[in-house]
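The structure appears below as structure tokens.
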Amino acid sequence: MRIATWNVNSVSARLPRLLDWLGTAEPDVLCLQELKCAEDAFPSGEIGELGYEVAAHGTGRWNGVAVLSRVGLEEVRRGLLDEPGYLADGAMFETKEPRAIGATCGGIRVWSVYVPNGREVGHAHYAYKLRWLDALRATAAAELSSPRPFAVLGDFNIAPTDADVWDITAFDGCTHVSEQERKALTALAETGLTEVRPRALKYDVAFTYWDYRQLRFPNNQGMRIDLIFGNEAFTSLVADSYVDREARKGKGTSDHAPVVVDLTAP
DNA sequence: ATGTCCGCTAAAAGCGGA
């Protein structure tokens with residue numbers, strides 16, 4: 001079974017590339033992030049023609065996540081357990097955002113997640129990011145009582161190690177590499193999850209994101225922030241994993257590349 | 001070589017967000 005995750009940066013803008021990639025990579029399950037469209041505006045017709053069922057969680061302009069599956073789509077759950085919203089400075093209420101959706105596909109439990117960016121260390125959005133990650137940890141912990149294969153896939157907006165950014169000296173004091181963010185990843189892993197590390201198809205590090213600006217992709221100045229964490233029942237099935245950097249080439253691309261994981265049949 | 005791109009708006013140029 002082939003499972004993948006991809007931050008598409010607008011499913012509408014990316015639809016031609018997405019349909020093309022589905023046709024060539026042929027994932028059985030695809031977790032999407034940054035839909036930037038409402039649930040009822042999701043292009044499930046075109047995607048359905050390729051044999052995929054769709055569960056989407058989106059509200060419009062920002063965020064939005066989905067699971068596509070051609071091996072069944074059950075037990076869909078939108079949002080985390082006790083998921084926090086974003087409490088902006090001076091705001092009276094939190095705003096909930098569509099950043100997580102869970103589903104069971106062919107016996108595998110998957111979560112597609114889009115972790116808050118954080119903006120700057122110390123920003124209200126950074127506090128939100130850490131609270132949100134704790135809710136993700138609690139949600140994973142609650143579901144891990146089941147022995148079935150389980151994985152969290154998505155855009156974590158965190159580089160697990162200094163080697164996962166193109167130049168750590170360019171990230172001094174920045175989000176994505178801070179100790180608190182990395183501790184949140186460790187806490188998530190301590191629920192019983194191990195990171196699946198993809199192969200790089202070119203260069204040494206399997207970056208998954210390159211900013212559109214400043215020729216970051218041609219210069220391979222990227223970050224590895226799209227991650228996959230699985231329990232033992234999941235990771236023991238892993239036959240291969242890689243980042244499809246070809247999908248980042250050319251016109252009309254996302255700023256992220258898909259991460260693919262191939263499982264042997266359970 | 002893509003020297004950003006996306007979606008939204010008391011809208012068609014400027015803005016927030018990434």
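Residue numbers begin at 1 in each chain, while the letters A, B, ... track the order of the sequences.
- Comparing atom distances between the A/Ala13 side chain and each of B/dC5, B/dG7, B/dA18 picks out B/dG7 as nearest.
- A/Tyr209 comes within 4.0 angstrom of no nucleic acid atom, judged by non-hydrogen atoms across all strands.
- One P atom belongs to B/dG3, the other to B/dC8, and the distance between them is 25 Å to the nearest Å.
- Closest contact between the side chain of A/Arg61 and the listed nucleotides B/dG17, B/dA18, B/dC8 involves B/dC8.
- Checking A/Tyr212 against A/Ser12, the closest nucleotide of DNA chain B that is more toward the 5' end is the one next to A/Tyr212.
- Nucleotides B/dG16 and B/dA11 place their C1' atoms 16 Å apart, quoted to the nearest Å.
- Across all strands shown, A/Arg14 has heavy atoms under 4.0 Å from sugar-phosphate atoms exclusively, and none from any base.
- Between the side chains of A/Gln33 and A/Asp155, no donor-acceptor pair is found at a separation under 3.5 Å.
- Rounded to an integer number of Å, the gap from CG of A/Asp211 to P of B/dC6 is 13 Å.
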- request: Would you please test A/Phe156 and A/Phe229 for ring pair (Phe, Tyr, Trp, His ring centres under 6.0 Å) and show each step?
  value: CA-CA 11 Å; A/Phe156 281 76; A/Phe229 288 87; 5.4 Å; yes
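- Going from atom CH2 of A/Trp210 over to atom P of B/dG3 covers 18 Å, rounded to whole Å.
- For the residue pair A/Tyr52 / A/Glu46, no side-chain donor-acceptor distance below 3.5 Å is found, with atom types taken as modelled.
- Taking syn as a glycosidic angle within 90° of 0, B/dA10 qualifies as syn.
- Here B/dA18 presents its P atom at 15 Å from OH of A/Tyr126, a figure rounded to the nearest Å.
- Rounded to a whole angstrom, the distance from the C1' atom of B/dA10 to that of B/dC6 is 22 Å.
- The A/Trp62 side chain lies nearest to B/dG16 when the options are B/dA18, B/dT2, B/dG16.
- Per the geometry, CD belonging to A/Glu97 stands 17 Å off P belonging to B/dG16, to the nearest Å.
- In this structure, a donor-acceptor pair under 3.5 Å is present between the side chains of A/Tyr212 and A/Asn9.
- The distance from atom CD of A/Glu120 to atom C1' of B/dG17 is 13 Å, rounded to the nearest whole Å.
- In this structure, A/Val11 and A/Asp155 both approach DNA chain B, and ranking their closest nucleotides by distance from the 5' end singles out A/Val11.
- If you take CZ of A/Arg213 and P of B/dA18, they are 11 Å apart, rounded to a whole angstrom.
- A/Arg216 comes within 4.0 angstrom of no nucleic acid atom, judged by non-hydrogen atoms across all strands.
- Between the side chains of A/Asn220 and A/Trp166, no donor-acceptor pair of N or O atoms lies under 3.5 Å.
- Each of B/dT2, B/dC8, B/dC6 was ranked by its minimum atom distance to the side chain of A/Asn9; first place goes to B/dC6.
- The side chain of A/Ser10 lies closest to B/dG7, out of B/dG7, B/dA18, B/dT2.
- The nearest whole Å value for the distance from the NZ atom in A/Lys249 to the P atom in B/dT2 is 11 Å.
- Whole-Å rounding puts the A/Lys251 NZ to B/dG3 P distance at 8 Å.
- Counting only heavy atoms from C-beta on, A/Lys36 has its side chain closest to B/dG7 among B/dG7, B/dA18, B/dT2.
- Of the candidates B/dA18, B/dG3, B/dC6, the closest approach to any side-chain atom of A/Leu215 belongs to B/dG3.
- Between A/Arg99 and A/Val113, every side-chain heavy-atom pair lies at or beyond the 4.5 Å cut-off.
- Distance from the side chain of A/His125 is smallest for B/dA18 among the nucleotides B/dC15, B/dA18, B/dT2.
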